[in-house]
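Okay, so here's the structure we're looking at.
Whatever order the structure lists ligands and atoms in, that order sets their numbers, starting from 1.
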Amino acid sequence: MSPLPRPSVSRFADCDSDQVRRVDWVLDALDAQIAPIDGVEFRAPDHARGRVLARAIAALRHHPIADNAAVDGYALGGPPTESSYTIRPGSIAAGDHPTHPVGAGLALRIMTGATLPPDTYAVVPDEVCSRAGPALHIARPPRAGENMRLQGEDIRQGAPLLPAGRRLRATDLALLAAAGWGHAPLPLRPKLRVALASTGRELAATADRRVIDSNRPMLRALLEQQGYDVVDLGLLPDDEGSLRAALDAAASQADAIVTSGGASRGDHDVVARLLLRDSPVLNWRVAMKPGRPLMLTHWKGLPVFGLPGNPVAAYTCAIIFALPALAKRAGGAFTRPTAYTLPAAFSHSKPAGRREYLRARLRPDGALDVFKPHGSNRISGLAYADGLIDLPEDVTTVAPGDSLRYIPLAPWDY
Ligand SMILES: Nc1nc2c(c(=O)[nH]1)N[C@H]1C(S)=C(S)[C@@H](COP(=O)(O)OP(=O)(O)OC[C@H]3O[C@@H](n4cnc5c(N)ncnc54)[C@H](O)[C@@H]3O)O[C@H]1N2
Ligand code: MOO
């Protein structure tokens with residue numbers, strides 16, 4: 001594959017990095033400031049799953065391609081007669097393309113999916129017919145067009161099929177194939193390349209004391225599930241010169257950078273210090289839990305998502321901010337996680353003024369359980385959850401039966 005023209009530059013506006021922002025402010029600002037990557041490459045649909053359309057696609061052919069039968073039964077030659085028809089010899093199967101009419105008052109055996117003779121008035125299923133020699137009796141007179149699927153009734157040739165920016169799902173590939181794109185090269189955005197790194201001296205400590213880097217495999221999986229190529233930078237060095245070189249290398253190989261850890265004000269948070277000093281900052285503080293120290297900045301024109309180190313905070317910030325923004329960077333829409341309203345099966349309290357995302361599980365009865373304790377170091381809560389409960393800033397208590405916003409993880413993590 002030849003090197004691709006890369007990428008348009010995202011611009012994060014400077015802001016007062018100490019200001020604590022509401023989640024919605026950060027989402028709006030991200031949406032406004034993330035720029036999609038440039039470039040178009042052509043790939044056959046076989047290689048297009050999870051890829052983003054660079055241009056709108058129109059149908060190359062009708063679907064159905066011809067008028068055809070929806071049931072196994074008899075094609076009736078029109079116009080309608082009484083409830084009795086004479087059966088002509090023969091049968092039309094799927095794959096046959098009859099050009100002769102059935103004939104008025106006549107019926108012809110036909111199978112599901114077979115192209116209809118040109119004068120077909122209706123198709124009647126076997127279940128409503130009885131035969132006596134060549135005579136066909138129908139229990140009730142059929143309506144015009146009954147059990148007939150008409151050419152182009154699903155998709156018209158030339159009609160818009162999928163918009164630019166669509167991330168192609170399995171069902172889109174069926175739609176494209178049916179509309180004539182089975183082998184035709186599709187205009188796609190290049191695969192998004194995301195550089196991924198962890199930070200923190202504790203991750204490099206001697207084996208018996210080391211904190212195991214659990215964020216990187218988790219974030220890598222999230223990114224790969226979106227169809228992105230991950231450039232694994234490993235553990236970032238904590239001296240400024242090497243760190244600068246590592247980020248420069250990432251900028252030449254990737255379209256965005258995701259880091260975890262070192263986002264807060266610790267004495268060893270070298271990444272935060274370097275990025276916040278040398279780059280335009282969109283945000284550094286969010287009024288949410290987990291995930292308060294979220295560092296959104298730039299390196300050499302690439303957006304940087306500096307996720308907090310605590311695994312639950314890193315994951316939550318990835319789902320709420322990084323993945324929606326990366327979807328836009330990949331050429332698609334900035335898709336905020338969808339929330340559904342469901343009842344609580346638990347009690348909870350929280351301070352007003354910050355948004356909370358609790359690790360939740362949807363019960364078979366439709367109510368929501370929550371993982372406790374809520375600490376953002378509790379990785380077991382991530383494995384427990386199939387969704388996040390989104391508690392708005394003004395909520396202070398939750399009681400059983402209260403309506404809550406539940407964000408399923410499945411679109412992002414499956
Ligand atoms: N004075 C303040 N201290 C802290 C604040 C604050 O606002 N003021 N915020 C707290 C919150 S909230 C969080 S979350 C953490 C996030 O801090 P950092 O992003 O700087 O993360 P670290 O200090 O590097 O690590 C925090 C915690 O997570 C563990 N960690 C880090 N990376 C990984 C990894 N790849 N895999 C597994 N675990 C990891 C690390 O060992 C720490 O235990 O700051 C609070 N402090
Ligand atoms: O993001 Mo921190 O984990 O809220 O506690």
Side-chain angles (χ1 to χ4, degrees), residues 16-23 26 194-223 230 232-240 243 246 257-277 281-297 304-322 348-359 370-383 385 388-391 393:
D16 172 1
S17 62
D18 267 356
Q19 192 163 351
V20 179
R21 301 287 190 178
R22 288 167 70 95
V23 169
V26 178
V194 184
L196 175 64
S198 299
T199 74
R201 300 166 67 235
E202 72 279 23
L203 307 180
T206 50
D208 57 336
R209 292 294 175 91
R210 181 182 302 147
V211 172
I212 303 225
D213 182 354
S214 51
N215 288 349
R216 205 145 40 96
M218 170 178 76
L219 296 169
R220 183 182 186 116
L222 284 179
L223 295 167
V230 173
D232 192 342
L233 301 181
L235 184 60
L236 287 182
D238 60 5
D239 71 281
E240 204 176 302
L243 180 56
I257 300 173
V258 174
T259 67
S260 75
S264 67
R265 289 167 191 266
D267 296 345
H268 300 283
D269 292 338
V270 188
V271 185
R273 223 178 308 138
L274 178 65
L275 287 168
L276 295 169
R277 193 190 64 216
V281 177
L282 173 63
N283 189 78
W284 191 27
R285 291 272 176 267
V286 192
M288 71 185 270
K289 183 179 168 63
R292 198 161 94 99
L294 172 68
M295 187 172 52
L296 300 174
T297 177
V304 179
F305 300 85
L307 309 176
N310 275 321
V312 179
Y315 183 83
T316 306
C317 286
I319 298 285
I320 302 299
F321 301 108
H348 179 67
S349 63
K350 73 180 250 311
R354 77 175 184 211
R355 201 139 158 188
E356 282 191 7
Y357 293 92
L358 308 179
R359 273 67 66 211
V370 77
F371 184 86
K372 289 180 183 170
H374 299 291
S376 64
N377 61 328
R378 302 279 185 155
I379 298 179
S380 45
L382 291 177
L388 298 174
I389 292 169
D390 174 5
L391 298 177
E393 288 82 353

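Between the side chain of Arg359 and the main chain of Tyr357, a donor-acceptor pair closer than 3.5 Å is present. A donor-acceptor pair under 3.5 Å is formed between the side chain of Thr199 and the backbone N or O of Ser260. The closest donor-acceptor contact from the side chain of Asn310 to the backbone of Val312 lies at 3.5 Å or more, if one exists at all.
Ligand 1 has an N or O atom lying under 3.5 Å from an N or O atom of Asn310, backbone or side chain. Geometrically, ligand 2 and Pro308 share no nitrogen or oxygen pair separated by less than 3.5 Å. On a distance-only criterion, Glu202 and ligand 1 share at least one N/O pair closer than 3.5 Å.
Contacts of Ser214 with ligand 1, taken as heavy-atom pairs under 4.0 Å, involve both backbone and side chain. Residue contacts with ligand 1 for Pro308 involve both N, CA, C or O and side-chain atoms from C-beta outward (heavy atoms, distance under 4.0 Å). For Ala272, no heavy-atom contact with ligand 1 is shorter than 4.0 Å. Only the side chain of Leu203 comes within contact range of ligand 1, with a heavy atom under 4.0 Å; no backbone atom does.
Against a heavy-atom cut-off of under 4.0 Å, Ile212 is close to the following atoms of ligand 1: 36 (N), 37 (C). Atoms of ligand 1 found under 4.0 Å from any heavy atom of Asp213, numbered from 1 in the order shown, are 34 (C), 35 (N), 36 (N). Distances below 4.0 Å separate heavy atoms of Ser260 from the following atoms of ligand 1: 35 (N).
Of the options Arg354, Lys350, Arg22, Arg21, a salt bridge (Lys or Arg N to Asp or Glu O under 4.0 Å) to Glu393 is made by Arg22 and by none of the others.
One distance of note links CG of Leu223 with CZ of Arg216; it measures 12.5 Å at 0.5 Å rounding.
The number of heavy atoms from other shown groups lying within 6.0 Å of CZ (Arg201) does not exceed 12.
For atom 29 (C) of ligand 1, the nearest non-hydrogen atom from the set Ala197, Gly309, Gly261, Ala314 comes from Gly309. Of all the listed residues (Lys289, Arg292, Arg210), Arg292 holds the heavy atom that lies closest to atom 8 (N) of ligand 1. The residue from Asn215, Thr316, Val211, Val286 that puts a heavy atom closest to atom 34 (C) of ligand 1 is Asn215.
Protein heavy atom in closest approach to atom 1 (O) of ligand 2: Gly291 N, 2.4 Å. The shortest contact between atom 5 (O) of ligand 2 and any protein heavy atom is with Ser376 OG, 3.0 Å.
Looking only at atom types and distance, the side chain of Asn215 has no donor-acceptor partner in the side chain of Ser198 under 3.5 Å away. Between Glu356 and His374, the side chains place no donor N or O within less than 3.5 Å of an acceptor N or O (distance only, hydrogens not considered).
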Take Arg292 and Arg285 through the test side-chain contact (heavy atoms from CB on, under 4.5 Å) and record every step on the way to the result.
CA-CA 5 Å; Arg292 198 161 94 99; Arg285 291 272 176 267; 4.2 Å; yes
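Taking a 4.0 Å cut-off on heavy atoms, Pro290 fails to register as neighbouring ligand 1.
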